[in-house]
Structure formats: structure tokens, C-alpha cells
Amino acid sequence: MGELDGRIAIITGGGRGIGFGIAQRLCKAGASVVIAELDDEAGKKAVAELESTGLNASYQPIDVRDPVSVERAVESTLQAHEQIDILINNAGLVSIGPTEEYSIDDWSKQTDVMLSGVFYCMQAVGRSMLKVGKGVILNISSIGGFGAWPLRASYNSSKAGVISLTENIGCEWARRGVRVVSVAPGVTRTQLFQQVVNSGDASEEKFNQRTPMNRVGEVDEIASVVQFLVSDRASYITATTVTVDGGWVAWGNLPV
Ligand SMILES: NC(=O)c1ccc[n+]([C@@H]2O[C@H](COP(=O)([O-])OP(=O)(O)OC[C@H]3O[C@@H](n4cnc5c(N)ncnc54)[C@H](O)[C@@H]3O)[C@@H](O)[C@H]2O)c1
């Protein structure tokens with residue numbers, strides 16, 4: 001018996017990285033997982049990999065920037081499964097640059113995916129959860145949502161917004177059976193991390209030095225906390241963000 005037996009979970013950006021790690025964890029705990037992806041190939045590959053080990057997964061195309069696409073994905077998931085117990089808002093991307101030169105297009109892309117997209121998914125899935133009076137929404141924010149980090153104004157303000165959405169909607173829905181929580185990962189080894197390293201913005205060594213534990217995180221270290229937070233073991237946790245960051249945020253005053 002898995003602790004998530006019979007639960008239906010939808011994971012945005014579940015085709016790779018942290019989203020796929022969460023999909024593996026939730027499936028192994030007994031959930032049926034819907035991989036909701038923009039990248040068709042990644043989404044289908046992820047489902048094939050989960051199914052090849054006997055786990056229960058399906059693919060649902062989605063572009064979280066588009067409220068119509070979100071509604072369609074939620075409708076078709078509800079038609080297939082009747083209910084959604086768990087929503088993981090994980091889809092993300094990163095683009096770094098000096099604010100004075102930053103393109104409006106990059107600003108829109110980041111905020112559309114990582115702030116508006118989170119709201120659209122919370123609203124569409126939340127409606128169905130409120131009808132039955134139960135459900136858990138978990139938003140992936142970031143250490144970037146706490147405090148300043150130059151060249152990341154759009155990424156970090158989107159993530160700070162996600163922390164705020166978690167608190168606001170978590171309190172709004174707390175008496176109606178829907179929990180809303182967030183996990184703020186530290187630097188975690190994925191394709192997105194590799195993209196930042198390849199851009200020359202920072203090396204893995206520099207990230208290690210900045211982290212009290214002196215290393216970056218691994219996907220399953222994030223996914224295991226997500227599994228706990230969406231399970232009934234976390235039944236009294238809502239409207240808050242848990243950092244999983246090797247101590248990064250706590251270490252506010254860096255040695256000079
Ligand atoms: N890796 C890190 O160091 C780190 C740290 C803190 C927070 N995060 C956050 O974790 C989440 C996952 O990041 P990751 O490192 O696994 O990145 P990743 O690039 O490996 O995966 C991101 C996934 O999101 C999907 N996606 C992008 N735009 C989408 C859209 N419009 N609609 C649907 N899906 C879309 C991509 O196709 C991809 O599968 C992101 O929200 C990211 O900001 C990552």
C-alpha cells in the first residue's frame with residue numbers, strides 16, 4: 001500500500017528535471033500521474049519511462065502561459081480521472097541579464113510561465129478541488145524568491161510572487177479543505193541549472209561555496225519533500241513555503 005494510492009496528481013513541466021523527479025516519487029507512492037508538458041517529446045518520453053517500470057502515468061499537452069490551454073488540460077484530466085487530488089505547479093525557465101538591457105519578451109516569458117501560469121493552474125484545478133472540499137496544491141518557488149540576486153529581477157520577482165500566491169490562496173481556501181504549500185529549492189542539478197552554468201553566470205564550484213552544505217542539491221532531495229507535503233502526513237501544513245536549499249537562504253550575511 002502506497003501513501004498516495006488512488007490519488008490523481010497533475011504535474012506541470014513534469015517531462016524532465018525536478019518535475020520528473022516528483023512524478024517518479026508520487027507514482028511510486030501509488031498516485032496516477034498526469035505529466036502536463038509544453039515539450040511533447042519530453043512529456044511522452046517521461047510517461048514511457050514511468051510506464052516501463054509498471055507505474056501509472058499519462059501525458060497531457062499544456063502551455064501554462066495560456067489560460068485556454070490550462071482549462072483544456074484540466075477538463076481533459078477530469079474527464080479521464082473524474083477528480084484531481086494533487087496539483088504540482090513546477091513548469092519553469094530561466095533567463096538572466098542586466099535589467100537595463102533586459103527584453104520585454106524575456107520579462108513576459110518568465111512572468112507568464114512562472115507567475116501567471118501558476119495562478120491559471122491554481123484557479124482551474126482549485127475550482128474542482130473546492131467542489132469536493134479536498135485537494136493539495138504544491139507550488140515550486142525558489143531561493144530566488146527570498147531577497148536580492150542581481151541579473152535575476154524577473155525570475156526572482158516571479159518566484160517571490162509564487163510564495164505570496166501560496167500564502168494568499170492557502171489562507172483563502174484553508175477552511176474549504178484545500179491545502180496550498182510551496183517548496184523553494186536551492187540550486188539543484190537539472191537542465192536549467194546546467195543552462196545557468198553554461199551561460200558563464202556561475203560555476204558549480206561557486207554555487208557550492210555559497211551553500212552552507214558546500215554542494216548543490218539533487219532532484220530526489222526536492223522530490224522527497226514534495227511527496228511528504230502532498231501526503232496526509234502534512235495535513236496541518238498550509239499557506240507556507242519550505243526551503244530545501246542546503247542552508248542557502250539562512251546564510252544571509254556572507255563572509256566578506
Ligand atoms: N534547478 C534549479 O536549480 C532550481 C532551483 C530553484 C527552483 N527551480 C524551479 O524548479 C522548477 C523546475 O525546474 P528544473 O530545474 O527542473 O527545470 P527544467 O528546465 O529541467 O524543466 C522545466 C520544465 O518545464 C517545462 N515548461 C517550460 N515552460 C512551460 C510551459 N509554458 N508550459 C508547460 N511546461 C513548461 C519544460 O518543458 C521543462 O520540462 C522551475 O519552476 C524552476 O524555476 C529550479
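Whatever order the structure lists them in is the order used to number ligands and atoms, beginning at 1. For this chain, numbers begin at 1 and follow the sequence in order.
- Distances between N or O atoms of M114 and those of ligand 1 include no value under 3.5 Å.
- E172 and N168 share no side-chain donor-acceptor pair at under 3.5 Å.
- Enclosure of atom CD1 in I104 is not indicated, since only 12 or fewer non-hydrogen atoms of other residues, nucleotides or ligands lie within 6.0 angstrom.
- Regarding atom 19 (O) of ligand 1, its nearest protein heavy-atom neighbour is R16 NH2, 2.9 Å.
- Between T12 and ligand 1, no pair of N/O atoms sits closer than 3.5 Å.
- Every N/O-N/O distance between S142 and ligand 1 stays at or above 3.5 Å.
- Not a single heavy atom of G14 lies less than 4.0 angstrom from ligand 1.
- Some N or O of I18 is nearer than 3.5 Å to an N or O of ligand 1, by distance alone.
- A search for salt bridge (charged side-chain N to carboxylate O under 4.0 Å, His left out) contacts involving D5 returns nothing, not counting sequence neighbours.
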### Query
side chain to side chain donor-acceptor pair (under 3.5 Å) between Q227 and E3: does it pass, once the steps are laid out?
CA-CA 9 Å; Q227 183 188 334; E3 67 176 351; 2.7 Å; yes
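- Taking a 4.0 Å cut-off on heavy atoms, D63 registers as neighbouring ligand 1.
- Looking at atom 37 (O) of ligand 1, its nearest protein heavy atom turns out to be E37 OE1, 2.8 Å.
- Of the protein's non-hydrogen atoms, N90 O, 3.1 Å is the one closest to atom 11 (C) of ligand 1.
- Ring geometry for F207 versus W149: interplanar angle over 60°, hence perpendicular rather than tilted (30 to 60°).
- Surrounding OH of Y155 are more than 12 heavy atoms belonging to other residues, nucleotides or ligands, all under 6.0 Å away.
- For the side-chain hydrogen bond (donor to acceptor under 3.5 Å, both in side chains) test, residues two or more places apart in sequence or in another chain that qualify with E204 are R189.
- Ligand 1 has no atom lying under 4.0 Å from any heavy atom of F20.
- Distance from atom 42 (C) of ligand 1 to its nearest protein heavy atom, with residue and atom name: Y155 OH, 3.5 Å.
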